[in-house]
Amino acid sequence: MRPRVLKSQSPDFRKFLATILTRRGGDSAGVDSAVSKIIADVRKRGDRALIDLTAKFDRVKLTPATLRVTPAERQSAINRIPADDRRALELAAERIAEFHRHTMEKSFIYRDKSGMRLGQMVQPMRRVGIYVPGGLGAYPSSVLMNAIPAKVAGVAEIVMVSPPSSEGERLAVLAAAEIAGVDEFYRVGGAHAVAALAYGTESIKPVDKIVGPGNSYVQAAKQMVYGVIDIDKMAGPSEVLVIADDRAHPEWIAADLIAQAEHGSGDEAAVLLTTSASIAQRVAEAVEVALRTLPRAPQVEAALVKRGAVVVVSDLNEAFDLANEIAPEHLELDLRNPSRWLPRVKAAGAVFLGPLTPAPLGDYLAGPNHVLPTGGAARFASPLGAYDFLKRTSIIEASMGAIAALGPTVAHLARMEGFEGHARAMELRAGVDGKAKRARRKSKWQG
């Protein structure tokens with residue numbers, strides 16, 4: 001299968017672009033209705049609902065005693081996985097922690113010219129939940145990327161949920177949970193796991209925030225419980241957009257397009273924008289060749305048919321305009337002097353500079369998070385970081401000098417909005433001047 005090759009000014013490209021820009025325009029009524037019933041069931045029946053729904057959706061029979069993965073089971077998994085696997089997970093954990101320490105926000109306080117002390121107190125959340133997908137796959141990298149930033153932020157209790165497999169324990173996932181410092185781990189997934197984290201059951205205490213990717217049912221559940229608890233973002237299918245010039249490596253680009261299209265949902269987006277018609281044709285050919293020996297070729301082909309394309313643009317300025325419109329999860333710049341173009345990037349989850357920096361490096365080991373905004377959300381959202389597990393409290397302390405300098409204006413603004421009580425609360429602290437003003441308004445106050 002060879003991906004389509006389009007010209008950016010053609011009607012066919014505009015139709016293709018429309019499919020990319022309407023990624024979240026589908027009808028979710030059926031999913032929302034089903035998820036609403038699942039959440040209600042968990043709220044009503046607690047652990048019993050989790051056990052029944054796990055048997056229904058995952059075909060795994062649990063008991064109240066086996067809902068939780070014990071610390072001993074996690075430690076045993078570390079000792080049972082191959083030594084190379086353990087070293088890889090530990091190296092990834094070290095690099096992720098190192099990067100996310102740089103994303104921490106700090107408390108601050110200062111005194112302004114009126115004499116008022118102002119500041120912000122930054123503290124970690126107490127208890128957070130991380131969702132790690134399961135199904136047919138095992139994703140230890142998702143464990144690390146979600147749990148380690150929370151640990152770096154200082155979260156006291158990290159609670160992990162992940163659907164069990166009918167084929168047995170995913171030892172790499174258990175081991176990653178232990179390496180990342182997860183405090184509680186439950187064998188439950190889907191919308192029912194989200195409901196349990198939000199509302200609690202006999203076994204699972206509620207959390208303050210839920211983070212992590214999942215299928216449409218998980219995302220719908222996260223959206224429905226938002227407000228009861230916080231969530232990170234609405235994660236969708238993976239995306240990559242590559243911008244390349246005439247010196248790019250066609251085989252490398254083909255591999256990068258395939259890498260993000262092989263997740264298996266069929267809704268992944270993989271797009272190349274290039275100024276070179278020759279590179280475009282060679283990348284399309286390289287994809288076709290690579291798919292002949294790829295284990296997940298059917299999944300990649302399904303994604304490329306739906307949201308894959310190789311596009312010839314008139315120049316790099318047009319390429320960046322299109323990239324900012326699409327706002328991809330992963331943006332690769334396979335260009336001469338790619339740093340020169342970084343200021344042109346206005347919307348992307350992560351930017352990969354140069355041909356030696358493919359998106360899979362960021363997915364696993366570079367250090368920055370692989371939980372990124374998708375579906376165009378990079379226009380307003382950010383990667384998951386330690387900052388997502390922090391809450392901020394404002395600090396205000398006035399002095400008599402500040403009251404004298406600012407009090408009249410506060411009262412004036414309050415009365416502009418019709419709040420006399422606000423104004424008088426301010427003037428009560430203004431001393432003699434405030435008393436005089438209150439006297440002048442006595443009749444109005446008594447009325």
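These figures come from a predicted structure and were not determined experimentally.
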Any ion pair linking Arg127 and Glu184 (charged N to carboxylate O, less than 4.0 Å)? yes

Take a 6.0 Å sphere around CZ of Arg336 and say whether it holds more than 12 heavy atoms from other residues, nucleotides or ligands. yes

For the pair Arg296 and Glu262, find out whether any cationic side-chain nitrogen is under 4.0 Å from an anionic carboxylate oxygen. no

Name every donor-acceptor pair, under 3.5 Å, that has one atom in a side chain of residues 347-360 and the other anywhere in the protein, sequence neighbours excluded.
from, atom 1, to, atom 2, distance (Å)
Thr357, OG1, Leu353, O, 2.8

Is it true that the side chains of Ser314 and Gln9 contain a donor and an acceptor less than 3.5 Å apart? no

Any ion pair linking Arg126 and Glu157 (charged N to carboxylate O, less than 4.0 Å)? yes

Check: Gln260/Ser238 side-chain N/O donor and acceptor closer than 3.5 Å: yes

Taking all non-hydrogen atoms of both residues into account, name the closest pair between Pro237 and Ser265 and its distance. CB-OG, 3.9 Å

Between Asp84 and Arg87, does at least one N-O distance fall below 4.0 Å, as a salt bridge requires? yes

Let's go through Thr54 and Arg187 carefully: what are the C-alpha distance in whole Å and the side-chain angles of both, what is the deciding distance for side chain to side chain contact (heavy atoms under 4.5 Å, CB included) to 0.1 Å, and is it a yes or a no? CA-CA 9 Å; Thr54 299; Arg187 295 179 175 94; over 6 Å; no

Hey, could you give me the NZ/CD1 distance between Lys209 and Ile229, rounded to the nearest 0.5 Å? 9.5 Å

Does the plane of the ring in Phe108 sit parallel, tilted or perpendicular to the ring in Tyr110? Use 30° and 60° as the thresholds. parallel

Given side chain to side chain contact (heavy atoms under 4.5 Å, CB included), test Val240 with Leu257 step by step and report yes or no. CA-CA 7 Å; Val240 65; Leu257 298 177; 4.1 Å; yes

Which residues share a side chain to side chain contact (heavy atoms under 4.5 Å, CB included) with Lys306, sequence neighbours left out: Asp267

All salt bridge (charged side-chain N to carboxylate O under 4.0 Å, His left out) counterparts of Lys222, not counting sequence neighbours: Asp232

Under 3.5 Å, sequence neighbours excluded: what are the donor-acceptor pairs made by side chains of residues 280-294?
from, atom 1, to, atom 2, distance (Å)
Glu288, OE1, Arg2, NE, 3.1
Glu288, OE1, Arg2, NH2, 2.8

Verify whether one side chain among Arg344 and Asn317 offers a donor that lies under 3.5 Å from an acceptor in the other. yes

Can you list every ring pair (Phe, Tyr, Trp, His ring centres under 6.0 Å) pair that touches residues 195-245, not counting sequence neighbours? none

Run the side-chain donor-acceptor check on residues 377-385: report pairs under 3.5 Å with partners two or more places apart or on a different chain.
from, atom 1, to, atom 2, distance (Å)
Arg379, NE, Gly376, O, 2.9

Taking atom types as modelled, find out whether Glu73 and Thr70 have a side-chain donor-acceptor pair closer than 3.5 angstrom. yes

